[in-house]
Amino acid sequence: TNQKPAVAKFREATLSGAYKTTADLNMRTDAGTGDAIICTIPKGKAVQCYGYYNTDGATKWLYVVYEGKTGYCSSKYLRK
């Protein structure tokens, strides 16, 4: 998709760092499963988070970089 991700509303320095996906994971334009998919990141791939995120209420969706693409991934499927 050519859609641009939403601006991150929050930042928490402790979230910064490299993560690996624990499942095939959709990168989305914002926090939530109803938002547009930018790409699907395969299980076991590394992504980088600089501490920025949005939330859908219960889950932090980290703003990550993967192979030159940026968007949001659910923190439930990311491990440092």
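Atoms considered below: every heavy atom in the structure, side chains included; atoms not considered: hydrogens, waters and symmetry mates.
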Subject >> Listed once per pair and sorted, the side-chain hydrogen bond (donor to acceptor under 3.5 Å, both in side chains) pairs that draw on residues 34-50, sequence neighbours left out >> reply: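 Those involving residues 34-50 are N26-T40.
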Set of residues satisfying side-chain contact (heavy atoms from CB on, under 4.5 Å) with respect to [X], sequence neighbours excluded:
X   : result
T70 : P5, Y63, V65
T22 : Y77, R79
K20 : none

**OP:** Could you tell me whether the side chains of W61 and D30 share a donor-acceptor contact shorter than 3.5 Å?
**Re:** no
Subject >> Any pair counted as ring-ring contact (aromatic ring centres under 6.0 Å, His included), so long as it reaches residues 23-47, sequence neighbours left out >> reply: none
Original post:
What pairs of residues pass the ring-ring contact (aromatic ring centres under 6.0 Å, His included) test when at least one of them lies in residues 2-31, not counting sequence neighbours?
Top reply: F10-Y53
Subject >> Taking every non-hydrogen atom, the tightest pair across C49 and V64 >> reply: CB-CG1, 4.1 Å
Subject >> Minimum heavy-atom distance Q3-A36, with the two atoms named >> reply: OE1-CB, 2.9 Å
Just wondering, do [Y] and [X] contact through their side chains at under 4.5 Å, heavy atoms?
X   : Y   : answer
S75 : T59 : yes
T21 : L78 : yes
M27 : Y72 : no

Original post:
For K80, does the NZ atom have more than 12 heavy-atom neighbours from other residues, nucleotides or ligands under 6.0 Å away?
Top reply: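 More than 12 within 6.0 Å, yes.
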Original post:
Could you walk me through whether D24 and I41 pass the side chain to side chain contact (heavy atoms under 4.5 Å, CB included) check?
Top reply: CA-CA 6 Å; D24 288 352; I41 305 169; over 6 Å; no
Original post:
Is the NZ or CZ atom of R11 both under 6.0 Å from the centre of the six-membered ring of Y52 and within 45° of that ring's axis?
Top reply: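 Verdict for Y52: a cation-pi partner in R11.
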Subject >> Main-chain N/O of C73 paired with R28 side-chain donor or acceptor, under 3.5 Å >> reply: no
